[in-house]
Amino acid sequence: MKFKHVPVMLNEVLEGLNIKEDGIYVDGTLGGAGHSTEIVKRLSTGKLIGIDQDENAIKKSKEVLADYSDRTIIVKENFKNIKNVLNTLGINKVDGILLDLGVSSHQLDEEERGFSYNKDAPLDMRMDRGNAFSAWDVVNKYSEKELEKIIWDFGEEKWAKRIAKFIVEERRESPIDTTFELVSVIKKAIPKKVRSQGGHPARKTFQAIRIEVNQELDILKNSILNANEVLNESGRLCIITFHSLEDRIVKDTFKYLNKDCICPPEFPVCTCNKKRELKILTRKPIIPSEEEIETNPRSRSAKLRIGEKV
Ligand SMILES: C[S@@+](CC[C@H](N)C(=O)[O-])C[C@H]1O[C@@H](n2cnc3c(N)ncnc32)[C@H](O)[C@@H]1O
């Protein structure tokens, strides 16, 4: 079955970006260009810079956005390098940036990528296949303690300890090479009577390994700080997360950027000289409507936070 990537909270994002037809916008997570197509339609003399670290997403987006090639620039990069990307293009500041984090339906659908527990493939899960480090390295080289920690932290999987133990026992015999081999170990680790509760038994562990392979949480704070630096005054930053730890990082980084001073309370006068840089437009994150969740179940855990450059 082929999945189409349906853009999450599309109207909320378009409104959040406050698109001006002559503005410059960055979609740091092009994916299948779902959001980008709608952004670019609203531009006349403006430009859309689309970034993705996955070369297949870049190929797909070029096809989807072919009719708008006069208004789009597509770059294969990690969005953590947004400042370099803009620098190379000779662009100083932009009017809006979107980050729609995580994995796309296209990536899950691509047989050989190893993102999906429903397809038998080599353990890979790299969004950028230029990187050497893959899911195979995590599963076969991490210590039991390291495996338990990532499965617990990034997968919020309560059977993390057992899954880590079973993985280490299994690989003593021979390496775990494929997604289905890993699924079978996870199934053995989770007691039979709870295995059918809460979706596929491998879902949380696969999510954890993917986050680790792509360093999705490690790069987030600095990426937000970099994005904030390249925003024009009144420019908007829209970030969609699908994981509570990701959302926590976005919330805390927005709060930091929103502060006028970060000196300890006992300091009589400010010595840090930090100035407020970002106004938070969403005290609470925007979540998808019930209708959206019904038509696109992938949107269920999405949270959108929006900031405006001061
Ligand atoms: C959820 S999808 C985006 C879908 C897109 N908004 C759409 O409507 O089609 C996330 C995309 O971001 C990309 N991505 C994730 N982390 C990235 C990073 N650090 N740098 C660049 N691209 C990244 C993934 O490769 C994937 O294609």
Side-chain angles (χ1 to χ4, degrees), residues 2-14 16-17 25-41 48-65 68 72-86 96-110 113-116 124-131 133-135 154 207 210-227 237-243 245-247 249-250 288 292 295-304:
K2 285 264 171 229
F3 296 102
K4 186 178 175 323
H5 189 96
V6 182
V8 169
M9 285 190 274
L10 178 60
N11 291 330
E12 292 84 345
V13 165
L14 295 172
L17 285 172
Y25 296 87
V26 176
D27 180 349
T29 49
L30 255 182
H35 288 102
S36 275
T37 305
E38 294 305 318
I39 295 170
V40 88
K41 279 183 193 167
L48 171 87
I49 297 139
I51 300 173
D52 204 294
Q53 62 177 331
D54 184 325
E55 63 193 24
N56 289 1
I58 294 288
K59 260 190 233 150
K60 170 92 192 148
S61 302
K62 281 189 178 159
E63 283 166 29
V64 174
L65 294 168
Y68 307 99
T72 49
I73 302 170
I74 295 179
V75 185
K76 183 193 169 296
E77 247 307 345
N78 191 307
F79 61 63
K80 70 181 181 188
N81 300 322
I82 187 169
K83 291 202 291 185
N84 290 347
V85 171
L86 296 180
I97 299 172
L98 166 66
L99 299 179
D100 171 20
L101 301 172
V103 69
S104 74
S105 309
H106 301 290
Q107 286 165 329
L108 290 170
D109 198 30
E110 283 167 355
R113 306 291 300 269
F115 286 108
S116 170
D124 188 336
M125 301 199 203
R126 290 168 302 164
M127 290 182 182
D128 180 350
R129 282 188 279 184
N131 292 335
F133 184 70
S134 72
F154 302 163
Q207 170 181 291
R210 189 203 82 222
I211 290 175
E212 177 69 5
V213 168
N214 297 290
Q215 298 189 307
E216 292 175 36
L217 298 180
D218 298 350
I219 63 159
L220 192 50
K221 180 174 179 191
N222 275 333
S223 298
I224 297 171
L225 297 178
N226 290 342
L237 178 54
C238 293
I239 307 187
I240 302 175
T241 61
F242 292 86
H243 188 286
L245 289 179
E246 254 176 359
D247 181 56
I249 295 171
V250 177
E292 177 167 1
T295 51
N296 182 16
R298 202 188 77 86
S299 69
R300 195 183 311 108
S301 53
K303 288 190 174 135
L304 168 64

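Predicted, not measured: the structure shown is a model, and the values here were computed from it. We count ligands from 1, going down the list as the structure has it; atoms in each ligand are counted the same way.
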**Item:** Numbering as shown, the atoms of ligand 1 that approach I219 to under 4.0 Å (heavy-atom distance)
**Value:** 19 (N)
**Request:** Run the contact test for D27 against ligand 1 with a 4.0 Å cut-off on heavy atoms, strictly below, and give the result.
**Result:** no
**Asked** Going by the order shown, which atoms of ligand 1 are within less than 4.0 Å of some heavy atom of E77?
**Response** 20 (N), 21 (C)
**Message:** Please enumerate all residues that pass side-chain hydrogen bond (donor to acceptor under 3.5 Å, both in side chains) together with Q207, with sequence neighbours excluded.
**Reply:** H243
**Request:** Check each heavy atom of E216 against ligand 1 and say whether those closer than 4.0 Å belong to the side chain, the backbone, both or neither.
**Result:** neither
**Asked** Can R126 and D124 be counted as an ion pair, charged N to O under 4.0 angstrom?
**Response** yes
**Request:** Looking only at distances, please establish whether an N/O atom of ligand 1 is found under 3.5 Å from an N/O atom of H35.
**Result:** yes
**Request:** For ligand 1, find out whether one of its N or O atoms is nearer than 3.5 Å to an N or O atom of D100.
**Result:** yes
**Asked** Tell me, which protein residue and heavy-atom name are nearest atom 10 (C) of ligand 1, and how many Å apart are they?
**Response** G102 O, 3.1 Å
**Request:** Starting from atom 7 (C) of ligand 1, find the nearest protein heavy-atom neighbour and note its residue, name and distance.
**Result:** G34 N, 3.4 Å
**Message:** Starting from atom 19 (N) of ligand 1, what is the nearest protein heavy atom, named by residue and atom, and what distance separates them?
**Reply:** N78 OD1, 2.9 Å
**Message:** So is H106 touching ligand 1 or not, going by heavy atoms under 4.0 Å?
**Reply:** no
**Spacing of H35 atom NE2 and L98 atom CG [to the nearest 0.5 Å]** = 5.5 Å
**Asked** Could you state the interatomic distance from CG (D218) to OG (S223), rounded to the nearest 0.5 Å?
**Response** 10.5 Å
**Request:** List every atom of ligand 1 that sits less than 4.0 Å from any heavy atom of L101, numbering the atoms from 1 in the order shown and giving each element.
**Result:** 1 (C)
**Asked** Which pair of heavy atoms, one from A302 and one from V8, lies closest together, and at what distance?
**Response** CB-CG1, 3.7 Å
**Asked** If we only count N/O pairs under 3.5 Å, is F242 in contact with ligand 1?
**Response** no
**Request:** Evaluate the side-chain contact (heavy atoms from CB on, under 4.5 Å) criterion for residues D100 and V13: first the C-alpha distance (whole Å), next the side-chain angles of each, then the deciding distance (0.1 Å), finally the verdict.
**Result:** CA-CA 10 Å; D100 171 20; V13 165; over 6 Å; no
**Complete:** For M127 and N214 the tightest heavy-atom approach is N-OD1, 2.9 Å
**Message:** Please find the pair of heavy atoms, one from A227 and one from I82, that lie closest to each other, and give the distance.
**Reply:** N-CG2, 4.1 Å
**Complete:** Correct closest heavy-atom pair for E77 and I51 would be O-CG2, 3.3 Å
**Prompt:** Under 3.5 Å between some N or O of ligand 1 and some N or O of I51?
**Reply:** no
**Prompt:** Hey, is CZ on R300 packed in by over 12 heavy atoms from elsewhere, all under 6.0 Å?
**Reply:** no
**Close N or O approach (F79, ligand 1; < 3.5 Å)** = yes
**Item:** For ligand 1, the portion of V8 having any non-hydrogen atom under 4.0 Å away
**Value:** neither
**Complete:** The closest protein heavy-atom partner of atom 5 (C) of ligand 1 is L30 O, 3.3 Å
**Fill in**
of all protein heavy atoms, closest to atom 16 (N) of ligand 1 is Q53 NE2, 3.4 Å
**Message:** For the NZ atom on K62, are there more than 12 heavy atoms of other groups (residues, nucleotides or ligands in this structure) within a distance under 6.0 Å?
**Reply:** no
**Item:** Protein residue, atom and distance nearest to atom 3 (C) of ligand 1, heavy-atom basis
**Value:** T29 O, 3.2 Å
**Asked** Can any side-chain N or O of D52 pair as donor or acceptor with the backbone N or O of D54 at less than 3.5 Å?
**Response** yes
**Asked** Are any of the N/O atoms in R298 less than 3.5 Å from those in ligand 1?
**Response** no
**Of the listed options V13, D52, I39, closest to atom 27 (O) of ligand 1 (non-hydrogen atoms)** = D52
**Item:** Distance-only N or O hit between ligand 1 and V103, under 3.5 Å
**Value:** no
**Item:** K41 side, atom NZ; S36 side, atom OG - distance, nearest 0.5 Å
**Value:** 12.0 Å
**Message:** Can you name the atoms of ligand 1, numbered from 1 with element, that are less than 4.0 Å from a heavy atom of G28?
**Reply:** 21 (C), 22 (N)
**Complete:** among protein heavy atoms, the one nearest atom 2 (S) of ligand 1 is S104 CB, 3.7 Å
**M127 near ligand 1 by a heavy-atom separation under 4.0 Å** = yes
**Asked** Does at least one non-hydrogen atom of S36 fall below 4.0 angstrom from an atom of ligand 1?
**Response** no
**Message:** Taking the basic N atoms (NZ, or NE/NH1/NH2) and the acidic carboxylate oxygens, is any pair closer than 4.0 Å for E216 and R210?
**Reply:** yes
**Item:** Flag, side chain of Q107 to backbone of R113, donor-acceptor distance under 3.5 Å
**Value:** no
**Fill in**
Near D54 (heavy-atom distance under 4.0 Å), the atoms of ligand 1 are 25 (O)
**Fill in**
ligand 1 to P7, heavy atom cutoff 4.0 Å, flagged ligand atoms 8 (O)
**Prompt:** Among all residues two or more places apart in sequence or in another chain, which pass the side-chain contact (heavy atoms from CB on, under 4.5 Å) test with K83?
**Reply:** N226, E229, V230
**Message:** Under 4.0 Å, heavy-atom basis, I'd like to know which part of A33 is in contact with ligand 1: side chain, backbone, both or neither.
**Reply:** backbone
